[in-house]
Asks: 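Handing you a structure now.
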Amino acid sequence: MLFTKCWVNMLNKEKFLNGLGLCRRAGKIVAGDELLPAIQKRNVKLVVLADNASERTKKQIIDKSKTANVDVVTGISKEELSWAIGMDNRVAIGISDTGLVKVLKTNL
């Protein structure tokens, strides 16, 4: 799998955010301090990165994702991401389930 960076289409944004909520309920989300090590170990199949994350955070996550060949999705805000998964102040999350990643990618 090659590294790609995708943007969420405005028409499918609601479906994508609902899919993130499904991932949260399924317990397949990696966030916080666990995210970078999970990317390095290739335990994460997709990374969702908020547009309004700091430049340092964006660079760190994108560089690690490129190295591990993990796709990165952008195009949503920190507030939308946090609301979708029911967690406060999240700028990046990882999805660890291949099946759920396929479902999310259909909504890009």
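Heads up: numbering here begins at 1 and tracks the sequence.
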Asks: Rounded to the nearest 0.5 Å, what separation is found between the CD atom of Glu34 and the CD1 atom of Ile93?
Replies: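 Answer rounded to 0.5 Å: 13.0 Å.
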Asks: For the NZ atom of Lys41 and the OG atom of Ser96, what is their distance to the nearest 0.5 Å?
Replies: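 Reported to 0.5 Å precision, the distance equals 13.0 Å.
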Asks: From Asp51 CG over to Ile76 CD1, what is the distance, rounded to the nearest 0.5 angstrom?
Replies: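 Between Asp51 CG and Ile76 CD1, I get 8.0 Å after rounding to 0.5 Å.
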Asks: When you group the ILVMFWY residues by side-chain heavy-atom contacts below 4.5 Å and let the links chain together, are Phe16 and Trp83 in the same group?
Replies: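 No.
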Asks: Supply the atom-to-atom distance Gln60 CD to Ile39 CD1, rounded to the nearest 0.5 angstrom.
Replies: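 If we round to the nearest 0.5 Å, Gln60:CD and Ile39:CD1 are 9.5 Å apart.
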Asks: What about Leu35 and Ile62, same hydrophobic cluster or not, with Ile/Leu/Val/Met/Phe/Trp/Tyr joined at side-chain heavy-atom distances under 4.5 Å?
Replies: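 In one cluster with Leu35: Ile62, yes.
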Asks: With rounding to the nearest 0.5 angstrom, report the CG to CG distance, Leu17 to Leu81.
Replies: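 With rounding to 0.5 Å, CG (Leu17) is 8.0 Å from CG (Leu81).
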Asks: Between NZ of Lys105 and NZ of Lys45, what distance do you get to the nearest 0.5 Å?
Replies: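 Between Lys105 NZ and Lys45 NZ, I get 11.0 Å after rounding to 0.5 Å.
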Asks: May I ask you to decide if Asp71's main-chain N or O and Ser65's side chain share a donor-acceptor pair within less than 3.5 Å?
Replies: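 No, because the side chain of Ser65 does not come within donor-acceptor range (under 3.5 Å) of the backbone of Asp71.
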Asks: Does Val91 share a hydrophobic cluster with Val30, counting links as ILVMFWY side-chain heavy atoms below 4.5 Å and allowing steps through other members?
Replies: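 In one cluster: no.
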Asks: Can you list everything that forms a side chain to side chain donor-acceptor pair (under 3.5 Å) with Asp63? Sequence neighbours excluded, please.
Replies: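 Once residues adjacent in sequence are excluded, the partners of Asp63 under the side chain to side chain donor-acceptor pair (under 3.5 Å) criterion are Lys59.
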Asks: Give the cluster check for Leu46 versus Val103: same hydrophobic cluster or not, with ILVMFWY residues linked at side-chain heavy-atom distances below 4.5 Å.
Replies: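 Unlinked, Leu46 and Val103 end up in two clusters.
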Asks: For a quick test of reading the model, state the closest non-hydrogen atom pair linking Ala50 to Lys78 and the distance between them.
Replies: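 Closest pair (atom of Ala50, atom of Lys78, distance): CB-N, 3.5 Å.
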Asks: For residues Ser82 and Asp88, report the shortest heavy-atom separation together with the two atoms involved.
Replies: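 Result for this residue pair: OG-C, 4.0 Å.
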Asks: Could you tell me which non-hydrogen atom of Val70 sits nearest to which non-hydrogen atom of Val44, and how far apart they are?
Replies: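 Where Val70 meets Val44 most closely, the heavy atoms are CG2-O, 3.5 Å.
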Asks: Taking only residues two or more places apart in sequence, or in another chain, which ones meet Asn52 in a side chain to side chain donor-acceptor pair (under 3.5 Å)?
Replies: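 Asn52: side chain to side chain donor-acceptor pair (under 3.5 Å) contacts with Glu79.
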Asks: Within the side chain of Arg24, is there an N or O that forms a donor-acceptor pair under 3.5 Å with the backbone of Leu20?
Replies: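 Here the side-chain-to-backbone pair does not exist.
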